[in-house]
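Residues: numbered from 1 along the sequence shown. Quick note: numbers below take in every heavy atom, side chains included, and nothing from hydrogens, waters or symmetry partners.
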Amino acid sequence: MSRNSLLIIIFVSTALVGCKSVRLTPEGREIVVVKELNTLTTECTRLGSVTGQHRMGYDQALTIVRNRAAAQFHADTIVIDSVEGHLSPSRRITATAFNCSDRRVQPVRPIDSKRLTSDVIAKAKKCQERGGVWVNDQCVLHVE
């Protein structure tokens, strides 16, 4: 094995050991992630800003944000404000934490994606495009 190959192997293994995976806490798992402000968050209480950064990418940074929002604010919803680092493996996510539990008729829980059919996903996307929220197989729109 050449000296250059050995150096590359040492560098890669050191980099991988230094990048520790972050686990979602039970409280962080309950956080609803919203990509932008919409009717789901209009009447929610804004709690504060949360930031997460990780060298292993978007999912790990989002896990940090969800865990922090749950721990620091006891939030139940976050809205992604910005994502930095699109051209590198490292990501920094800034989000706003909300408490929406006072306004919800029923709790919003993450669902098992295996239960979703492409038809349900298509209907939910159309609903969201019109400013609605897909709940219990129907589109809920806020009308004033």
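Residues Asp81 and Thr94 have side chains that never bring a donor and an acceptor to within less than 3.5 angstrom of each other. Using a 3.5 Å distance cut-off with no hydrogens or angles, the side chains of Asn99 and Thr45 do not pair a donor with an acceptor.
Atom CD1 of residue Ile64 and atom CG of residue Asp59 lie 11.5 Å apart, to the nearest 0.5 angstrom. With rounding to the nearest 0.5 angstrom, the CZ atom of Arg29 is 9.5 Å from the OG1 atom of Thr63. For the atom pair CZ (Arg92) and OG (Ser82), the distance works out to 7.5 Å, reported to the nearest 0.5 Å. Separating the NZ atom in Lys126 from the SG atom in Cys139 is a distance of 11.5 Å, to the nearest 0.5 Å. Atom CD1 in Ile93 sits 10.0 Å away from atom CD in Glu84 (nearest 0.5 Å).
Under the 4.5 Å side-chain heavy-atom criterion for ILVMFWY residues, a single connected hydrophobic cluster contains both Ile31 and Val83.
The two residues Leu47 and Phe98 come nearest to each other via the heavy atoms CD1-C, 3.7 Å. Between Gly52 and Ala61, the shortest heavy-atom distance links the atoms O-CB, 3.8 Å. Between Ile80 and Ala95, the shortest heavy-atom distance links the atoms CA-CB, 4.2 Å. In this structure, Ala97 and Phe73 approach most closely via the heavy-atom pair CB-CD1, 3.9 Å.
Put simply, the side chain of Arg91 never gets that close to the backbone of Gly57: no donor and acceptor are under 3.5 Å apart. A side-chain donor-acceptor contact under 3.5 Å links Gln60 to the backbone of Val22. Using a distance-only test at 3.5 Å, with no hydrogens or angles considered, a donor-acceptor pair links the side chain of Arg68 to the main chain of Thr51.
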From CA spacing to verdict: side chain to side chain donor-acceptor pair (under 3.5 Å), Asn67, Thr25: CA-CA 6 Å; Asn67 288 345; Thr25 63; 3.1 Å; yes
Stepwise side-chain contact (heavy atoms from CB on, under 4.5 Å) check, Glu30 with Asp76: CA-CA 7 Å; Glu30 297 296 318; Asp76 58 12; over 6 Å; no
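Only one option out of Val34, Val33, Thr96 pairs with Thr77 in a side chain to side chain contact (heavy atoms under 4.5 Å, CB included); it is Val34.
The local environment of CD in Gln53 is crowded, with over 12 non-hydrogen atoms from other residues, nucleotides or ligands closer than 6.0 Å.
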